[in-house]
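Have a look at the structure below, then the notes.
In what follows, every chain begins at residue 1, and chains take the letters A, B, ... in the order their sequences are listed.
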Amino acid sequence: MRIIGDLGPYCLTSEGLREGPCAREVEEHRDLGYGSFNFLYGPSAGGLLESVGFEIATYGESIERIGHVPYKGRQIKITQLPVEEALIRVERINGAFAASHSISFLQAVEKAFEAEVPYEVTVSRMAQLELERIRNNLFVIQRVLESASFLVPSYLLLQQVEEVNRTIARSCGHRYFFGANYPGRVECEHEVPSLKIGDVEKILENRIFIDRLQGNGVIKEDNSIGPAARASGFRYDARLDSDLFVYRDFDLKVPTQDHGDAFSRILVRLEEIKESLRILQELRVKPHTFPMRVRDGEGIGRVESPSGDLAYLVRIRNGRIERAFLLAPSSVNMRLFLRSMPGNIFTDFPFNWESFGIWISELEVDLK
Amino acid sequence: MNWFLKGIRMGVRTEKDYHHETKWPSRLKRAQEGEVKCPTDAIGEEWRPERCIFCRACEPLFSPTGETLTPKVERSDRTFRRSFYLYPLDAGSCGACNLELRLISSPQYDMTRFGIFFTNTPKHADALVIMGNLGKRMEEVIRRAYDVMPSPKLVILLGTCAISGGVTGIPPDIRGDVIIPGCPPTPASILDALIRAKGGEIP
């Protein structure tokens, strides 16, 4: 059994829910003493894609302690709404992971309704998740390259991100999967992006680039998720233990690395792009509808988002959402990032930060 | 081979006409008569793109044309015609606007050929690009960024959340000189708006 993360008042594990929050090591807050000082990085700074603050304690060069300071927190109300209206809001929790959010949310709803999901719908959802993974992993690598001022490969990666976005638009009508999934319906057609992965691989042969990443932000914890877990040798992946998908039919390979540093996380992401492309080529996708009978109930949906396990717990009464909880992968990854940062120096920060693929939008959302 | 030479050998990837068909978001047209239940009141007597989140709830009464949405440019300034520096500010977005804005620098669009650049500080910015709903502690951040910008300056509201709030919150309390509808706006739509804001003409 592996611990995934807090889902509302529960702890989500690979075997289901446990009462109470997940057990964690208590963080030690030692006094730094003479010569140390605190400063705030953010909330709005050029190196950050989203608004977020970090309170950093230092003696001058190395980061001794770091904490997250929320700024852009949003309250999104989905309770008391019918499923379709709640779904419009769920898609907009994190645009970059909109397929992961909407599919996980719909899986929870379908469990609550005790609905049978047809194979065609499952396959279409897998295709969306793999497209989203490819785009996100390319973007994470691009952000790391941009941090290193490697501008030619950085723009090459942006070109490929745009190519994936256009593929998603051709497949599902919208570049971020908004409106692609409904209760009882999926809208996407079969499309595979034409990417030059060889070019991306060559970037990782550059010694100067590798030196910025190796040994940076080492974290090896068994209660981690996604690429961060796989980069430190843990073969954790919701696609392996979820019965809501059919990845086993496609002989899914889950790449792992051993060092648990930013470089390992990038290598894992690169291998995942290739594996996702392979799976995508084997899937056959077309629009599909299926009947769903509305009833009262509660269910959990869980998918492997590009940054790890993403889950919803949804309870429905009289066709409306009575309560809903979200486990955002960025909340687990933020904890891992903050634990991996002390001991590194300031110039390590952007490389380590980007390697986790954290989205503040889903981390600071308050789902009402 | 070094990356500089590799870049040259790749040839030109930039598109002369960067507009291409995207269904959602694009300009909507009424296809059938009937009453629409729009979650953002974007459909009244006429369709208001600045309120629309393109959620497809109005289908099939309304259908997408695939045409790039037209931004509203209430004020442009030819001072910026050669160089136009943008400071992006995420007030509380879902992240999609941030990504689309970033993609105008991809080789397909290449914003630099139009003299458009990003800057890392509002002190060097000609325009403040605001994305998303108003986040919990962002009001002060927006005000301070705007105050330190040198004049002349423009405010660009990017995406429905920043313009009218959409379905996830309220918009920041600031008047936009340029309004770019979409959820999120496409890179083509963003580039059109920026070119017009700096007093240029869309290719």
Side-chain angles (χ1 to χ4, degrees), chain A residues 43-53 69-76 84-85 88-89 91-98 135 139 142 150-153 155-163 165-166 169 172-176 178-179 182 187 199 202-203 206 359-362 364-366, chain B residues 1-4 6-8 10 13 20-25 39 53-57 59 64 87-100 102-103 105-110 118-122 132-138 141-142 144-145 161 166-169 183-184 186-187:
Chain A
S44 181
L48 298 167
L49 190 73
E50 293 178 276
S51 291
V52 59
V69 186
Y71 270 88
K72 66 177 255 186
R74 295 174 300 162
Q75 243 187 26
I76 299 182
E84 289 84 351
E85 285 184 36
I88 292 172
R89 288 152 179 86
E91 283 174 340
R92 287 159 177 81
I93 288 173
N94 178 1
F97 292 2
R135 176 184 58 204
F139 189 62
Q142 185 274 328
F150 274 31
L151 296 185
V152 175
Y155 286 123
L156 176 77
L157 266 283
L158 268 186
Q159 185 200 359
Q160 306 215 26
V161 172
E162 172 62 18
E163 172 58 33
N165 265 7
R166 290 180 184 186
C172 302
H174 189 283
R175 291 159 60 94
Y176 293 85
F178 292 178
Y182 297 87
E187 289 283 347
D199 288 350
K202 279 180 197 143
I203 296 161
N206 186 300
W359 285 92
I360 303 301
S361 54
E362 63 175 20
E364 293 184 6
V365 75
D366 184 5
Chain B
M1 192 194 305
N2 76 35
W3 279 99
F4 176 73
K6 200 172 286 183
I8 289 173
M10 277 173 199
R13 308 272 175 105
H20 55 96
E21 200 178 301
T22 304
K23 263 178 147 177
W24 303 94
I53 56 162
F54 304 88
C55 63
R56 315 190 198 187
E59 263 190 322
Y87 184 71
L89 210 166
D90 167 10
S93 75
C94 73
C97 286
N98 312 42
L99 247 168
E100 293 294 66
R102 188 59 54 176
L103 282 170
S105 65
S106 71
Q108 290 95 328
Y109 301 99
D110 185 17
F118 291 124
T119 174
N120 283 342
T121 165
N133 296 133
L134 183 62
K136 251 184 203 165
R137 296 172 63 191
M138 290 305 293
V141 180
I142 296 169
R144 285 177 63 181
C161 292
V167 282
T168 50
C183 184
T186 58

Measure [X] against the heavy atoms of chain A and call it side chain, backbone, both or neither at under 4.5 Å.
{"X": "B/Arg144", "value": "neither"}
{"X": "B/Phe118", "value": "neither"}
{"X": "B/Val167", "value": "both"}
{"X": "B/Ser105", "value": "both"}

Review point. B/Glu100: what forms a side chain to side chain donor-acceptor pair (under 3.5 Å) with it, not counting sequence neighbours?
Key: A/Asn165, A/Arg175, A/Tyr176
By a 4.5 Å heavy-atom criterion (distance strictly below it), what part of [X] contacts chain B: side chain, backbone, both, or neither?
{"X": "A/Ala45", "result": "backbone"}
{"X": "A/Phe97", "result": "neither"}
{"X": "A/Glu85", "result": "side chain"}
{"X": "A/Pro153", "result": "both"}
{"X": "A/Arg92", "result": "both"}
{"X": "A/Tyr182", "result": "side chain"}
{"X": "A/Ile93", "result": "backbone"}
{"X": "A/Glu364", "result": "neither"}

For the residue pair [X] and [Y], establish whether any side-chain heavy-atom pair is separated by less than 4.5 Å.
{"X": "A/Pro43", "Y": "A/Lys72", "result": "no"}
{"X": "A/Leu156", "Y": "A/Gln160", "result": "yes"}
{"X": "B/Thr168", "Y": "B/Ile53", "result": "no"}

Where do [X] and [Y] come nearest, in terms of heavy atoms and distance?
{"X": "B/Leu89", "Y": "A/Ser44", "answer": "CG-OG, 3.8 Å"}
{"X": "A/Tyr155", "Y": "B/Pro107", "answer": "O-CD, 3.2 Å"}
{"X": "B/Asp90", "Y": "B/Gly92", "answer": "OD1-N, 2.9 Å"}

Taking every heavy-atom pair that is under 4.5 Å apart, which of [options] has the most such pairs with chain B?
{"options": "A/Leu49, A/Val161, A/Leu48", "result": "A/Leu49"}
{"options": "A/Ser361, A/Gly95, A/Ser51", "result": "A/Ser51"}
{"options": "A/Arg166, A/Gln75, A/Glu187, A/Glu163", "result": "A/Arg166"}

Exercise for review: Taking B/Ser93 for its side chain and B/Gly132 for its backbone only, find out whether a donor-acceptor pair lies under 3.5 Å.
Suggested key: no
Review point. Are the side chain of B/Gln108 and the backbone of A/Gln159 linked by a donor-acceptor contact shorter than 3.5 Å?
Key: yes
Practice item. Measure up the B/Tyr109 and B/His20 rings against each other and bin them: parallel (under 30°), tilted (30 to 60°), perpendicular (over 60°). Key: tilted
Exercise for review: Count the heavy-atom pairs under 4.5 Å between each of B/Cys183, B/Pro25, B/Cys55 and chain A, then report the option with the highest count.
Suggested key: B/Cys183
